[in-house]
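Quick notes on the structure that follows.
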Amino acid sequence: MLRIYNTLTGSKESFESMVPGKVRMYVCGVTVYDYCHIGHARSALVFDVLRRYLEYSGFAVEFAKNFTDVDDKIIKRANEQGVSCDHITATYIKAYYDDMDRLGVRRATLEPRATEHIADIVALVETLVAKGMAYRVNGDVYFQVDRYPGYGRLSKRKIDDLQAGARVDVDERKRHPMDFALWKGSKPGEPSWDSPWGPGRPGWHIECSAMAMRHLGETFDIHGGGMDLIFPHHENEIAQSCGATGKEFARYWVHNGFVQINQEKMSKSLGNFFTIREIFDKSEWPDTVTGEMLRYFLMSTHYRSPLDFSDQSLAEAKNALNGLYDLFERLKEPAPAHGAADQQMREANTRTRQAFTDAMDDDLNTPNAVAALQKLRGEANKALDAGLSAEMRHAVRHEFRSLGLMLGLLQSDDWQFKSQPKQSVVGTCADERADFSDEEIAAKIAERLAAKQSKNYKLADQLRTELASQGITIEDRPDGTSRWKR
RNA sequence: GGCGCCGUACCCAAGUGGCUAAGGGAGCAGUCUGCAAAACUGCGAUGCGGCGGUUCGAACCCGCCCGGCGCCUCCA
């Protein structure tokens with residue numbers, strides 16, 4: 001039974017879906033005006049894992065993740081580049097998919113866009129106006145926060161405590177400083193749609209309410225996003241949604257913590273952010289390996305804690321994964337029909353699955369879940385020393401694959417091969433390395449093997465040194481063959 | 001000013017009242033190896049920012065202090 005931290009109540013609660021066997025969740029996606037950074041990756045991954053775990057737990061998951069494709073920032077970016085808003089959004093939606101695919105983030109079952117739901121949005125705003133919860137100022141429509149008595153219950157704030165205008169000028173036309181735009185009259189040249197209040201476009205918060213209600217119903221199970229969305233975005237979603245329907249909006253509010261750089265929030269204003277593609281481009285490993293490194297890294301800290309990104313932590317994730325994949329290689333070796341350690345291994349598998357699901361049930365405690373996998377690695381290696389049958393070896397690999405699937409890890413069959421660094425393409429270093437083709441390396445290795453067999457170790461070592469000078473490392477295997485990597 | 005979070009070994013990171021404080025990385029030692037590399041095995045905090053308090057018992061609860069951070073504005 002999953003227990004999950006609900007921001008609304010401030011405590012871990014047993015998760016019970018409204019409809020048995022079915023979960024409906026909505027996660028705030030991205031505003032498509034720029035490339036995604038690691039913070040976006042973390043959020044996407046957290047909810048990808050939540051979705052995977054719910055599915056493992058037997059739920060059919062209806063998962064909506066939106067694209068905000070009409071917004072001030074998009075308009076600004078389009079004007080800067082002298083292109084249309086459509087061009088901007090198309091560009092960054094494509095980039096988003098590229099990034100998410102490399103991270104192994106599964107597509108949501110529904111991916112609504114704000115511009116495709118203008119009619120829903122207008123209808124929702126009309127309802128709020130009719131109920132007296134929203135008012136018109138020229139071509140704009142504002143939500144009046146003091147008409148919704150529950151305002152502040154998600155972010156635990158009182159309206160009076162909010163220092164409106166502390167860092168931004170208050171719009172004098174608003175009745176209360178915290179009132180927010182549901183509909184914005186548009187200026188010439190901006191994207192606009194007809195409405196009862198004249199040509200305009202949606203405010204930021206209303207699209208999520210409209211799309212969630214359209215696709216998941218007026219009340220649904222889980223609503224998620226980054227911590228920073230708690231206020232004002234999600235607070236406002238609740239106000240306008242509950243205000244319109246008189247029903248609860250989402251039942252469980254789930255928020256992930258930030259990615260930081262040197263203990264500080266990563267943000268564009270501080271200029272200390274890394275885009276996802278930047279990490280892949282800079283990585284010396286192939287994309288599949290880099291993607292798994294990132295996933296492992298992001299899973300090794302609890303989703304609600306802040307997490308510090310660095311090259312070192314990424315390298316540690318790589319090394320930790322190496323240990324797992326090395327075990328998988330060992331498991332592939334020829335094995336007897338019966339093993340002395342089969343029984344204890346079987347028990348270890350069972351124990352691990354229990355520990356893993358216990359960890360996941362406890363508010364998605366992925367660090368503990370990963371620890372359970374690592375513990376099984378040690379047990380499997382010891383069992384291997386004591387003797388494991390072919391069947392049991394297969395069962396162990398299957399256990400890792402099955403549990404790893406919930407985290408999107410450990411699915412590769414040829415990681416060792418793939419984890420050779422990708423070939424450099426530019427720079428003097430690469431030019432030197434390009435001296436040896438794969439064929440030449442193979443020839444050198446064969447030559448060295450022959451030298452070894454005739455116990456001409458001097459020559460063998462000389463060949464190894466020669467290859468090492470080109471950045472090629474040789475590993476001898478027990479059967480006398482050698483493998484190499486750059 | 002309001003609301004909130006964090007401080008656990010060299011580094012990362014679980015644990016939040018009671019068996020020997022998970023797990024990973026690094027390091028060190030050993031096994032294997034012609035020598036290496038890789039791998040495997042072993043070792044590692046009498047203590048959980050500090051000081052008090054509650055309790056039979058606290059890393060975990062309470063208070064104060066020190067240090068760091070977030071939200072209150074667009075932000076994952």
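Naming convention: chains lettered A, B, ... in sequence-line order (proteins, then strands); numbering from 1 in each chain.
With P as the reference atom, B:A13 and B:G53 are 33 Å apart, rounded to whole Å. Nucleotides B:G17 and B:U54 have their C1' atoms positioned 12 Å apart, rounded to a whole Å. Of the P atoms belonging to B:G27 and B:C3, the separation is 47 Å, rounded to the nearest Å. Taking atom C1' in both B:G67 and B:C51, one finds a spacing of 15 Å when rounded to whole Å. As rounded to the nearest Å, B:C6 and B:C10 have P atoms that lie 23 Å from one another. As rounded to the nearest Å, B:C60 and B:G15 have P atoms that lie 15 Å from one another. Using C1' as the reference atom, B:A9 and B:G25 are 13 Å apart when rounded to the nearest Å. Atom C1' of B:C19 sits at a distance of 35 Å from the matching atom of B:G68, rounded to the whole Å.
Closest approach to the A:Gln263 side chain among B:C71, B:G68, B:A76 is made by B:G68 (side chain taken as heavy atoms from C-beta onward). Distances were taken from every side-chain heavy atom of A:Ala371 (C-beta onward) to each of B:A76, B:G15, B:A22; the shortest belongs to B:A22. Among B:G70, B:G34, B:A26, the nucleotide with an atom closest to any side-chain atom of A:Phe258 is B:G70. Comparing B:C35, B:A76, B:A14 against the side chain of A:Arg448 picks out B:C35 as the nearest. Comparing B:G70, B:G24, B:U41 against the side chain of A:Lys265 picks out B:G70 as the nearest. For A:Val259, the listed nucleotide lying nearest its side chain is B:A76; candidates were B:C72, B:A14, B:A76. The listed nucleotides are B:C11, B:A38, B:A13; the one nearest the side chain of A:Pro367 is B:A13. Comparing atom distances between the A:Asp385 side chain and each of B:G25, B:A38, B:C40 picks out B:C40 as nearest.
Residues A:Arg175 and A:Asp146 are not paired through a salt bridge, judged by the lack of any N-O separation under 4.0 Å between the basic side chain and the carboxylate.
Remark: B:G18 base-pairs with B:C56. Criterion, Watson-Crick or G-U wobble with two distances under 3.5 Å. The nucleotide B:G23 finds its pairing partner in B:C12, both defining distances of the Watson-Crick or G-U wobble pair being shorter than 3.5 Å. Nucleotide B:C5 forms a Watson-Crick or G-U wobble pair with B:G68, both donor-acceptor distances falling under 3.5 Å. Base-pair partner of B:G44: not found among the strands shown (Watson-Crick or G-U wobble, both distances under 3.5 Å). In a base pair of the Watson-Crick type (N1 to N3 plus N6-O4 or O6-N4) or a G-U wobble (N1-O2 and O6-N3), with each distance short of 3.5 Å, B:U31 is matched with B:A39.
A donor-acceptor pair under 3.5 Å is absent between the side-chain atoms of A:His215 and the main chain of A:Ala212, judged by distance alone.
Between the side chain of A:Asn365 and the base of B:G15, no donor-acceptor pair of N or O atoms lies under 3.5 Å. Between the side chain of A:Arg464 and the base of B:C35 there is at least one donor-acceptor pair of N/O atoms closer than 3.5 Å. For B:G24, its base never sits under 3.5 Å from the side chain of A:Gln374 at any donor and acceptor pair. A donor N or O paired with an acceptor N or O is found under 3.5 Å between the base of B:C35 and the side-chain atoms of A:Asp476.
Here A:Thr366 does not reach the OP1 or OP2 of B:A14: none of its side-chain N or O atoms lies under 4.0 Å away. Contact between the side-chain N/O atoms of A:Lys382 and the OP1/OP2 oxygens of B:G42 is found at a separation under 4.0 Å. Side-chain N/O atoms of A:Asn381 include one lying less than 4.0 angstrom from OP1 or OP2 on B:C40.
By the 30° and 60° cut-offs, the orientation of the rings of A:Trp253 relative to A:His255 is parallel.
One finds the OG1 atom of A:Thr9 at 11.0 Å from the CZ atom of A:Arg153 (value rounded to the nearest 0.5 Å). Taken from NZ in A:Lys452 to CD1 in A:Ile445, the straight-line distance is 10.5 Å, to the nearest 0.5 Å.
Checking A:Arg3, A:Arg304, A:Lys12 one by one against A:Asp363, the salt bridge (Lys or Arg N to Asp or Glu O under 4.0 Å) holds for a single residue, A:Arg304.
Cation-pi geometry between A:Arg77 and A:Tyr33 is not satisfied (NZ or CZ under 6.0 Å from the ring centre, within 45° of the ring normal).
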